[in-house]
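Worth knowing before you read on, the calculation uses all heavy atoms, side chains too, and leaves out hydrogens, waters and symmetry mates. We count residues from 1, following the sequence as given.
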Amino acid sequence: MMKSSSIDALKGALILWVIGGHMAEVLHLEHIAFWIGSGFRMPLMVAVSGYLLNLERVRQAPFGDIGYRYWKRMILPWLVASCVYLLPRGDAVSWMTPLDIVLRPSYHLWYIPVLCLLILSARYARFSPALLVMLSAPLSVGMMIGYGLYHEVIGTGIWAFDSRFLSYPLYFFFGVLMARLEPSMAHRTAGVAVAILGLAGWIYLYESSDLGLQVSARLAMNLGLIALLPVFARLPIRIAPVNAIGRASLFYYLWHPLLIGLLLAQGLDPWTALLLTITLLAAVHRLMADMPVLPTLLGTPPVRRTDTDGKPALAVSAI
């Protein structure tokens with residue numbers, strides 16, 4: 001998948017929605033707008049990562065090459081962030097801590113281990129994208145029904161793991177599949193119809209406790225929206241500040257909870273804290289642009305380049 005300004009804008013918008021949603025969660029605010037956002041923001045982020053994955057090159061390149069690229073672009077900044085977020089809980093650090101941060105990550109840090117597993121699955125499960133969707137569908141849907149729409153820890157002991165390792169593959173592989181389809185008029189119509197029906201159902205179920213209906217509505221909403229990614233990618237959408245956030249989505253994703261916590265601890269009201277969080281992250285992002293080491297440690301991506309054969313770089317998108 002080649003560079004798309006509209007996909008950058010979508011990633012930026014999703015990150016902003018994540019930041020706002022996390023602010024609401026920290027303050028225990030309830031509103032239908034937060035409910036709507038919680039229904040699609042992370043499924044779409046996972047799907048966009050699948051949509052941007054260069055599947056052929058991930059499968060063909062030597063493992064050392066893949067490991068190095070993803071280590072530098074994604075795993076190292078995640079590991080730095082994991083260590084920083086552990087500092088306030090220094091007395092809780094033990095020999096199990098490395099397993100905890102990988103298998104049972106705190107708060108938002110689950111996304112990178114889950115994404116790494118999905119990329120490895122795409123590399124070694126050498127089935128077609130359509131078959132990967134078919135194989136992952138019963139697993140993901142079963143996990144959503146069995147363990148809830150959000151997350152639970154599965155099992156006990158040192159090998160217990162976050163349920164999102166198994167509930168998100170459907171969205172990821174459906175994104176991989178959509179990157180290989182040309183959107184026909186029927187495709188577009190079906191995507192719009194399913195997404196609208198799913199969204200209407202999700203809104204209707206705002207105060208419902210029927211998990212089966214919620215899973216059905218959320219699946220319809222997200223699969224419909226993911227089906228529209230090829231259409232969206234062709235739109236000439238470019239909103240400079242939002243695109244900039246989208247290109248550095250990993251940086252904003254990793255560090256926004258830290259700023260939210262620090263600002264709220266100063267007694268700021270939620271809207272001021274939210275605005276300052278985004279502004280300060282943007283300022284730090286801009287200040288780091290020409291620094292040699294810090295951007296890599298904190299998750300700011302290098303300038304995108306193409307290989308000599310015109311194909312996109314191996315690791316197209318961290319998140």
Discussion item. As a quick check of understanding, evaluate side chain to side chain contact (heavy atoms under 4.5 Å, CB included) for L52 and K11, giving each step before the final call.
Written reply: CA-CA 11 Å; L52 293 173; K11 288 167 60 183; 4.1 Å; yes
Determine whether more than 12 heavy atoms belonging to other residues, nucleotides or ligands lie under 6.0 Å from atom [atom1] of [X].
{"X": "Y206", "atom1": "OH", "value": "yes"}
{"X": "M96", "atom1": "CE", "value": "yes"}
{"X": "R59", "atom1": "CZ", "value": "yes"}

Pairwise side-chain contact, [X] with [Y], heavy-atom cut-off 4.5 Å (strictly under):
{"X": "F251", "Y": "H285", "result": "yes"}
{"X": "S140", "Y": "L166", "result": "no"}
{"X": "L79", "Y": "I101", "result": "yes"}
{"X": "L76", "Y": "K72", "result": "no"}
{"X": "C116", "Y": "I75", "result": "yes"}
{"X": "F172", "Y": "S121", "result": "no"}
{"X": "L132", "Y": "V176", "result": "no"}
{"X": "D210", "Y": "Q214", "result": "no"}

[atom2] on [Y] to [atom1] on [X], rounded to 0.5 Å:
{"X": "Y51", "Y": "L44", "atom1": "OH", "atom2": "CG", "answer": "13.0 Å"}
{"X": "L86", "Y": "T97", "atom1": "CG", "atom2": "OG1", "answer": "6.0 Å"}
{"X": "F173", "Y": "L53", "atom1": "CZ", "atom2": "CG", "answer": "9.0 Å"}
{"X": "R123", "Y": "I66", "atom1": "CZ", "atom2": "CD1", "answer": "4.0 Å"}
{"X": "L177", "Y": "L131", "atom1": "CG", "atom2": "CG", "answer": "11.0 Å"}
{"X": "T277", "Y": "L258", "atom1": "OG1", "atom2": "CG", "answer": "9.5 Å"}

Where [X] and [Y] come nearest, the two heavy atoms and their spacing:
{"X": "V242", "Y": "A9", "result": "CG1-O, 3.3 Å"}
{"X": "W71", "Y": "P77", "result": "O-CD, 4.1 Å"}
{"X": "L250", "Y": "M74", "result": "CD2-CA, 3.8 Å"}
{"X": "P105", "Y": "D162", "result": "CD-CB, 4.4 Å"}
{"X": "A81", "Y": "W255", "result": "CA-CH2, 3.5 Å"}
{"X": "P230", "Y": "M178", "result": "CG-O, 3.2 Å"}

Examine [X] and [Y] and state if one hydrophobic cluster contains both, with Ile, Leu, Val, Met, Phe, Trp and Tyr joined whenever side-chain heavy atoms are less than 4.5 Å apart.
{"X": "W159", "Y": "W95", "result": "yes"}
{"X": "L223", "Y": "I36", "result": "yes"}
{"X": "F34", "Y": "Y204", "result": "no"}
{"X": "V215", "Y": "F165", "result": "yes"}
{"X": "I226", "Y": "V231", "result": "no"}

Under 3.5 Å donor-acceptor, [X] side chain and [Y] backbone:
{"X": "S4", "Y": "A233", "result": "yes"}
{"X": "N222", "Y": "R218", "result": "yes"}
{"X": "S6", "Y": "I237", "result": "no"}
{"X": "S5", "Y": "R238", "result": "no"}

Discussion item. Under a plain distance cut-off of 3.5 Å, with no hydrogens placed, do D269 and T272 share a side-chain donor-acceptor pair?
Written reply: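 Yes, side-chain donor-acceptor contact under 3.5 Å.
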Fill in: Side-chain H-bond candidate by donor/acceptor type, Y111 with S49, under 3.5 Å
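Yes, side-chain donor-acceptor contact under 3.5 Å.
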Practice prompt. Please step through ring pair (Phe, Tyr, Trp, His ring centres under 6.0 Å) for the pair W202 and F40, ending with a clear verdict.
Written response: CA-CA 10 Å; W202 184 250; F40 68 79; 9.5 Å; no
Discussion item. Working note: Y85 + H108, criterion ring pair (Phe, Tyr, Trp, His ring centres under 6.0 Å); need CA distance, chi angles, decisive distance, verdict.
Written reply: CA-CA 11 Å; Y85 285 105; H108 69 308; 5.2 Å; yes
Fill in: Stepwise side chain to side chain contact (heavy atoms under 4.5 Å, CB included) check, R104 with L99
CA-CA 7 Å; R104 301 170 290 277; L99 281 176; 3.9 Å; yes
Item to complete: Among residues two or more places apart or on two chains, list those pairs meeting side-chain hydrogen bond (donor to acceptor under 3.5 Å, both in side chains) that have a residue in residues 22-44.
Response: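 Residue pairs passing side-chain hydrogen bond (donor to acceptor under 3.5 Å, both in side chains), neighbours aside: H22-H256, E25-R41, E25-Y107, S38-Y150.
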Discussion item. Applying side-chain hydrogen bond (donor to acceptor under 3.5 Å, both in side chains) as the test, list every pair that has at least one member in residues 223-234; sequence neighbours left out.
Written reply: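 Matches after skipping sequence neighbours: E182-R234.
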Worksheet item: Do W78 and Y253 have ring centres separated by under 6.0 Å?
Response: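 W78 vs Y253: aromatic centres not under 6.0 Å.
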Item to complete: Decide yes or no on side chain to side chain contact (heavy atoms under 4.5 Å, CB included) for Y68 and F63, but give the supporting numbers first.
Response: CA-CA 8 Å; Y68 175 74; F63 181 79; over 6 Å; no
Worksheet item: Listed by chain and number, what are the salt bridge (Lys or Arg N to Asp or Glu O under 4.0 Å) partners of E56, not counting sequence neighbours?
Response: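 Per chain and number, E56 pairs via salt bridge (Lys or Arg N to Asp or Glu O under 4.0 Å) with R180.
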Fill in: Residue pair L118, Y171: steps toward the side chain to side chain contact (heavy atoms under 4.5 Å, CB included) verdict
CA-CA 10 Å; L118 292 171; Y171 298 129; over 6 Å; no
